[in-house]
Number of protein chains: 2
Amino acid sequence: MATVKVDTPRYIDKSGYMESEQAILALAALAQSTRLDVFRLLAKHEPEGLPAGDIAKALAVPQNTMSSHLAILSRAGLVTARRFSRSIVYRADLKAFQSVVLFMLRDCCDGRPEICGPLIEDLTPCCNPKPRTKAHV
Amino acid sequence: MATVKVDTPRYIDKSGYMESEQAILALAALAQSTRLDVFRLLAKHEPEGLPAGDIAKALAVPQNTMSSHLAILSRAGLVTARRFSRSIVYRADLKAFQSVVLFMLRDCCDGRPEICGPLIEDLTPCCNPKPRTKAHV
DNA sequence: ACGGTATTTCCAGAATTATCGAAATAGCGA
DNA sequence: TCGCTATTTCGATAATTCTGGAAATACCGT
């Protein structure tokens, strides 16, 4: 039977699981040294991005191997690709990255705020040295 | 055999930062639906923890399969195990989890604080209704 | 000691992932 | 059109991960 490919192998559509599924995709994408390096590199090169060839060269990985890694990151939503003439420029999707982090923290923090408070404290000096941001919560 | 059973968190290096290798281990551990469910479950059951059998039963997974998942989570430093008579009670290591999140955020935030500012804002109402140590940060 | 419970280890098969050479596709300039 | 560059897709192999049956280990009560 030549039916369509099922890409929902285990638990199907429960509406709450869609988010988990996507998060797992992102975690798996980052759980590999080359891809983690790629994301790091692309984050550093925001917002201009980098063409695929430059990424491969920078990390000393064959182009086709890099291409498959980039495809995995892209499928996970962590990077975006856009063609510029002959090059395909990849960019880190930092919003998506934030979503992954938020997913993780909600998973552990839900109902127990005391867990993430310290984390915010640790994070604040690192990521928000400016005294005040807009308080439009 | 004398397994590694150290009090000092193995996933933190001298500078207090999590190493990439350890972070990858943790990300890979969470990038699997059963294990993500396990961590969620254990986080929900902090600080009492749950015996291995209960975890297996709760998630409808054979005990030996669950045992290997728990070993992976443990190796990644995300859970701890302690024997209580016949049971081995597992607990989520939320500090380690926080380290993973911090690692990720440092990876993308380093040098560009404007990226994580919004994340802290999103996180604050969820996780930190009131600041813990009113430090001089 | 024994029997029962809780959990892990051993093992093996199935599935998935990583890697990369070779070929294919896409765009550009002449 | 041809040739060149940039990138991806194809295909195959090696490595790793997932799964669970069976056996082993650890503990407790009697």
Side-chain angles (χ1 to χ4, degrees), chain A residues 5-11 20-21 24-39 41-42 45 48-76 78-91, chain B residues 1-5 20-21 24-39 41-42 45 48-76 78-91:
Chain A
K5 254 191 163 20
V6 273
D7 42 22
T8 41
R10 181 131 304 172
Y11 21 68
S20 277
E21 202 69 44
I24 285 176
L25 226 50
L27 292 172
L30 293 174
Q32 206 278 347
S33 55
T34 300
R35 290 195 295 264
L36 186 56
D37 287 343
V38 168
F39 190 82
L41 184 65
L42 289 179
H45 283 264
E48 328 88 56
L50 275 182
D54 289 9
I55 300 170
K57 195 172 304 174
L59 300 181
V61 171
Q63 285 200 340
N64 57 352
T65 302
M66 182 53 75
S67 181
S68 90
H69 283 310
L70 288 169
I72 288 167
L73 284 166
S74 178
R75 209 152 39 236
L78 290 168
V79 306
T80 58
R82 186 170 168 210
R83 181 178 278 278
F84 278 99
S85 87
R86 260 171 289 195
S87 298
I88 296 184
V89 171
Y90 282 87
R91 288 187 55 188
Chain B
M1 74 151 87
T3 7
V4 251
K5 204 67 175 181
S20 283
E21 204 174 308
I24 284 177
L25 226 50
L27 291 171
L30 293 174
Q32 207 278 345
S33 56
T34 300
R35 291 195 295 265
L36 186 57
D37 288 342
V38 168
F39 190 83
L41 183 67
L42 289 179
H45 283 263
E48 329 89 57
L50 275 181
D54 289 8
I55 300 171
K57 195 174 305 175
L59 300 181
V61 170
Q63 284 199 343
N64 56 353
T65 302
M66 182 54 75
S67 181
S68 88
H69 283 310
L70 288 169
I72 288 167
L73 283 166
S74 178
R75 208 152 38 236
L78 290 168
V79 306
T80 58
R82 187 172 168 205
R83 181 177 277 278
F84 278 100
S85 86
R86 260 171 291 195
S87 296
I88 295 184
V89 172
Y90 281 87
R91 285 187 57 188

Give each protein N/O atom lying under 3.5 Å from an N/O atom of nucleotides 1-4 of chain C, with the pair distance.
unit_1, atom_1, unit_2, atom_2, d
C/dG4, N2, B/Arg86, NH1, 3.1

What nucleic acid atoms does A/Tyr90 come within less than 4.0 Å of, heavy atoms only: base, sugar-phosphate, or nothing? sugar-phosphate
Can you list the residues that meet the side-chain contact (heavy atoms from CB on, under 4.5 Å) rule with A/Arg83, with sequence neighbours excluded? A/Ile88
Residues in ring-ring contact (aromatic ring centres under 6.0 Å, His included) with B/Phe39, at least two apart? B/Phe97
Options C/dG27, D/dT8, C/dT8, nucleotide nearest the side-chain atoms of A/Ala52: D/dT8
Separation of B/Ile88 atom CD1 from D/dA24 atom C1', in whole Å? 14 Å
Expressed as a whole number of angstroms, how long is the span from B/Gln32:CD to D/dT17:P? 12 Å
Side chain to side chain, B/Thr80 and B/Tyr90, heavy atoms closer than 4.5 Å: no
Euclidean distance, atom CG of residue A/Leu27 to atom P of D/dT17 [Å, nearest integer]: 16 Å
Partner set under side-chain contact (heavy atoms from CB on, under 4.5 Å) for A/Asp37, not counting sequence neighbours: A/Arg40, A/Leu59
In whole angstrom, what separates B/Leu50's CG from C/dT7's P? 10 Å
Return the nearest nucleotide to the side chain of B/Arg83; candidates are C/dA26, D/dC27, D/dT19. D/dC27
Using a strict heavy-atom distance below 4.0 Å, which residues from residues 57-72 of chain A are in contact with DNA chain D? A/Gln63, A/Asn64, A/Ser67
Given atom CZ of B/Arg75 and atom P of C/dT8, what is their separation to the nearest angstrom? 12 Å
Should B/Ser87 be listed as having a side-chain N or O under 4.0 Å from OP1 or OP2 of C/dT7? yes
Donor-acceptor contacts under 3.5 Å from residues 27-34 of chain A side chains, at least two apart:
unit_1, atom_1, unit_2, atom_2, d
A/Gln32, OE1, A/Thr34, N, 2.9
A/Gln32, OE1, A/Arg35, N, 3.1

B/Ser85 has a side chain; which of C/dT7, D/dC27, C/dA18 sits nearest to it? D/dC27
May I have the step-by-step check of side chain to side chain contact (heavy atoms under 4.5 Å, CB included) for A/Leu73 and A/Val38, ending in yes or no? CA-CA 9 Å; A/Leu73 284 166; A/Val38 168; 3.5 Å; yes
